Chemist: 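Encoded as structure tokens, here's the structure I'll be asking about.
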Amino acid sequence: TQLLEQSPQFLSIQEGENLTVYCNSSSVFSSLQWYRQEPGEGPVLLVTVVTGGEVKKLKRLTFQFGDARKDSSLHITAAQTGDTGLYLCAGPSLDTGRRALTFGSGTRLQVQP
Amino acid sequence: GAGVSQSPSNKVTEKGKDVELRCDPISGHTALYWYRQSLGQGLEFLIYFQGNSAPDKSGLPSDRFSAERTGGSVSTLTIQRTQQEDSAVYLCASSPHGPTTDTQYFGPGTRLTVL
């Protein structure tokens, strides 16, 4: 079974602070996706990283895929209250014939005004 | 509609009753997925459809759970003889083709509470 472990599980910070959340696995993934989920809604895709060592930026969010493609990080600069939500990493299952995504348990971020 | 829709948005049922949850994917999307999310947790894969076929139903937790998809569109997830541990948010997603790097578009979910 492939597992994606996310840390921290919960993070509460003040507006304007920087933060990093992590997604780690003992397995190699061909790609990793990051989603954000707000209360009462389904997850929304933020980014997909495919190449080992890849760095992608989405405004104040920076995503990195580890060289060995076993881990990823999300860094948020100058957090805003609108960044509050559950951040989930996910990767395609390598089990034969399985097309589903394996999700991490998530990091719940709360940005205080 | 433009996005994935699910109904009902909330369902409260008594232990032992059967429930049906509905998912309307984005028009033209061939792949459809069901996930389950316990309070504040990550998503647990249940079943995947490609067209009307389910190549992977390995995530269904017991034989009380079943799902079907008709016309390559609407899907129904049925839970028979519900138990309290079935309480969760059930999320449906669709994607254009099905390869694992496809973007999956999620619906808002159905919150199931079994009393």
Side-chain angles (χ1 to χ4, degrees), chain A residues 1-11 21 23-25 27-51 54 65 69 84-110, chain B residues 2-10 21 23-26 29-51 53-60 67 88-111:
Chain A
T1 302
Q2 298 157 278
L3 294 176
L4 284 167
E5 297 183 356
Q6 292 190 243
S7 61
Q9 290 185 315
F10 183 78
L11 189 57
V21 298
C23 174
N24 295 293
S25 176
S27 301
V28 174
F29 282 83
S30 58
S31 63
L32 276 179
Q33 300 180 339
W34 284 91
Y35 289 80
R36 180 170 67 210
Q37 184 179 21
E38 299 185 22
E41 299 181 6
V44 175
L45 180 69
L46 296 173
V47 77
T48 301
V49 286
V50 179
T51 306
E54 181 177 6
F65 200 14
R69 292 185 287 128
T84 293
L86 180 67
Y87 288 81
L88 296 159
C89 65
S93 173
L94 296 179
D95 294 344
T96 301
R98 187 162 177 174
R99 302 303 184 97
L101 290 173
T102 297
F103 278 83
S105 57
T107 292
R108 185 166 298 282
L109 172 64
Q110 189 164 15
Chain B
V4 177
S5 60
Q6 294 186 244
S7 61
S9 55
N10 281 284
L21 313 179
C23 172
D24 284 85
I26 293 173
H29 280 193
T30 61
L32 184 147
Y33 311 81
W34 283 97
Y35 296 89
R36 179 169 71 174
Q37 185 175 33
S38 298
L39 186 62
Q41 298 299 307
L43 278 64
E44 174 190 4
F45 166 75
L46 297 177
I47 187 170
Y48 151 69
F49 287 92
Q50 185 68 40
S53 301
D56 188 356
K57 54 181 75 171
S58 62
L60 294 177
V89 175
Y90 290 81
L91 289 159
C92 173
S94 69
S95 67
H97 309 294
T100 51
T101 53
D102 253 9
T103 297
Q104 293 190 18
Y105 297 85
F106 283 83
T110 293
R111 180 175 297 278

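All chains are named by letter (A, B, ...) in the order of the sequence lines, taking the proteins before the strands, and each is independently numbered beginning at 1. Everything quoted here is computed from the prediction, not taken from an experiment.
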Chemist: Please look at Gln6(A) and chain B and tell me whether the side chain, the backbone, both or neither of the residue comes under 4.5 angstrom of a heavy atom of that chain.
Modeler: neither
Chemist: Heavy-atom distance under 4.5 Å between the side chains of Tyr33(B) and Leu101(A), does that happen here?
Modeler: no
Chemist: Which atoms form the tightest heavy-atom contact between Leu32(B) and Cys23(B), and what is the distance?
Modeler: CD1-SG, 4.0 Å
Chemist: If I measure from the heavy atoms of chain A, does Leu43(B) come under 4.5 Å with its side chain, its backbone, both, or neither?
Modeler: both
Chemist: For Phe10(A), is it the side chain, the backbone, both or neither that has a heavy atom under 4.5 Å from a heavy atom of chain B?
Modeler: neither
Chemist: Looking only at non-hydrogen atoms, find the nearest pair between Ser53(B) and Pro55(B) and report the distance.
Modeler: O-CD, 3.2 Å
Chemist: What is the distance from atom CD of Gln33(A) to atom CG of Leu46(A), rounded to the nearest 0.5 Å?
Modeler: 10.0 Å
